[in-house]
Amino acid sequence: MPFSPTLTHESKGVPGLTFTVQRLGLGRRTDIDFQTLAFRQRMRELEADYPPASDQEQEIQKQIEIAKKKALAVPDDQFDAVMKKDVEPLGKELDAAIPPEVKKRRAVIDEEYGQVDLRIRAAWIRNALISIDQRTNAGPGELDGMTADQLLDYGPPALAQEIFARLQDDGRLVNRKNLSSGTISGGAVAGESPSTTVQFAEVPPEVGTLTATASSTSPGT
């Protein structure tokens with residue numbers, strides 16, 4: 001089978017939609033990294049400024065991780081009960097352990113971190129997305145023919161996130177920590193330094209916060 005410079009994927013979130021992306025080699029990835037250099041430098045500055053977790057926060061977070069594993073190990077019909085009984089009280093305890101001024105500082109950094117990360121993701125999509133095709137029983141769908149700029153300007157945020165995630169998968173790209181919601185403080189282990197992955201609006205919470213993802217915004221890094 002001859003090598004193809006492009007890859008076409010079926011969307012998991014939009015029925016009947018496929019998107020085609022360019023394979024990104026070392027030179028192209030290096031160019032994108034250079035384009036986003038200032039953004040990534042700013043992210044490192046924000047990571048350095050992020051208030052570290054206290055010993056109390058870290059201890060409670062460890063307890064939360066243990067409680068979550070317990071919830072995942074029980075039958076499905078008991079999951080909600082275990083989460084409510086064991087995980088939720090620890091979450092409230094963790095929240096109470098964080099001083100208000102620390103919460104405020106983290107929130108400010110999380111917000112900027114997320115916006116910077118979105119700009120990096122947008123650069124990768126602009127450089128890699130070739131076409132979007134959507135077919136329905138009645139013919140072309142409303143997203144058929146949408147360009148990368150149109151997608152980023154007013155297209156479905158979840159589709160943009162799906163395309164970015166596929167670029168990462170195609171390149172077997174990164175080593176990352178799971179932050180949780182689009183901000184640095186997300187739901188990762190307390191004390192971990194923030195990382196690179198912010199979510200597009202309406203994107204599932206596994207994407208992007210300082211405490212949530214290490215070096216994930218640069219699919220080639």
Side-chain angles (χ1 to χ4, degrees), residues 7 9 11 13-14 19-51 105-132 143 146-188 192-221:
L7 293 168
H9 302 284
S11 171
V14 183
F19 54 88
T20 300
V21 295
Q22 180 77 45
R23 289 181 186 268
L24 299 175
L26 177 61
R28 190 74 173 275
R29 289 177 182 275
T30 302
D31 287 343
I32 301 172
D33 274 341
F34 187 77
Q35 293 172 22
T36 59
L37 180 60
F39 292 137
R40 290 183 290 110
Q41 289 175 335
R42 180 56 183 156
M43 282 183 141
R44 285 191 284 272
E45 292 171 357
L46 292 170
E47 291 169 7
D49 289 342
Y50 202 70
R105 178 61 180 155
R106 288 177 180 172
V108 170
I109 295 177
D110 279 345
E111 183 174 0
E112 182 179 354
Y113 193 92
Q115 293 304 314
V116 174
D117 185 51
L118 288 179
R119 282 159 176 76
I120 296 175
R121 289 167 178 256
W124 284 91
I125 292 173
R126 284 195 176 94
N127 276 274
L129 180 62
I130 296 175
S131 64
I132 293 175
L143 303 179
M146 178 173 280
T147 66
D149 284 337
Q150 290 170 337
L151 172 65
L152 294 169
D153 285 347
Y154 50 79
L159 177 59
Q161 174 55 34
E162 180 182 0
I163 292 172
F164 179 78
R166 178 57 72 176
L167 289 174
Q168 292 179 315
D169 291 342
D170 288 343
R172 299 295 184 267
L173 303 177
V174 286
N175 243 342
R176 53 168 83 182
K177 299 171 187 170
N178 280 332
L179 303 197
S180 101
S181 50
T183 71
I184 300 173
S185 54
E192 289 182 347
S193 61
S195 63
T196 0
T197 310
V198 175
Q199 66 191 69
F200 288 86
E202 305 173 15
V203 174
E206 64 269 13
V207 188
T209 69
L210 251 194
T211 34
T213 327
S215 44
S216 66
T217 31
S218 175
T221 312

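Not counting sequence neighbours, the partners of R105 by the side chain to side chain contact (heavy atoms under 4.5 Å, CB included) test are D49, P51, V108, I109. Scored by the side chain to side chain contact (heavy atoms under 4.5 Å, CB included) test, L7 finds H9, V21, R23, D170 as partners (sequence neighbours excluded). For the side chain to side chain contact (heavy atoms under 4.5 Å, CB included) test, residues two or more places apart in sequence or in another chain that qualify with Q22 are P5, T6, L24, R28, I130. Residues satisfying the side chain to side chain contact (heavy atoms under 4.5 Å, CB included) criterion with T30, sequence neighbours excluded, are L26. D31 meets the side chain to side chain donor-acceptor pair (under 3.5 Å) test with no other residue; sequence neighbours excluded.
With rounding to the nearest 0.5 angstrom, the CG atom of L37 is 13.5 Å from the CD1 atom of I32. Atoms CG and CZ, on L167 and F19 in that order, are 8.0 Å from each other to the nearest 0.5 Å. Annotation: the span from Q35 atom CD to R126 atom CZ amounts to 10.5 Å, rounded to 0.5 Å. Here Y50 contributes atom OH and D110 contributes atom CG; the two are 4.0 Å apart, rounded to the nearest 0.5 Å. With rounding to the nearest 0.5 Å, the separation of CG in L129 from OG1 in T20 is 8.0 Å. Going from atom CD of Q41 over to atom OG1 of T36 covers 10.0 Å, rounded to the nearest 0.5 Å.
The heavy-atom pair separating A122 from L152 by the smallest distance is O-CD1, 3.7 Å. Annotation for L46 and E112: closest pair CD2-OE1, 3.7 Å, computed over non-hydrogen atoms. Residue N127 comes nearest to A123 through the heavy atom pair ND2-O, 2.8 Å, listed as atom of the first residue, atom of the second, then distance. The two residues A160 and I125 have their closest heavy-atom pair at O-CD1, 3.4 Å. Nearest heavy-atom pair, S11 versus L159, reported as atom, atom and distance to 0.1 Å: OG-CD1, 4.2 Å.
Applying the salt bridge (Lys or Arg N to Asp or Glu O under 4.0 Å) test to pairs two or more places apart or on separate chains, none has a residue in residues 154-163.
Taking the side chain as every heavy atom from C-beta outward, T147 and S131 never approach each other to under 4.5 Å.
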Could you walk me through whether M146 and Y154 pass the side chain to side chain contact (heavy atoms under 4.5 Å, CB included) check?
CA-CA 10 Å; M146 178 173 280; Y154 50 79; 4.1 Å; yes

Under the criterion side chain to side chain contact (heavy atoms under 4.5 Å, CB included), I'd like the reasoning laid out for Q115 against F39: C-alpha separation, chi angles, the key distance, then a yes or no.
CA-CA 10 Å; Q115 293 304 314; F39 292 137; over 6 Å; no

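Salt-bridge annotation for E47 and R44: absent, with no side-chain N of the basic residue lying under 4.0 Å from a carboxylate O of the acidic one.
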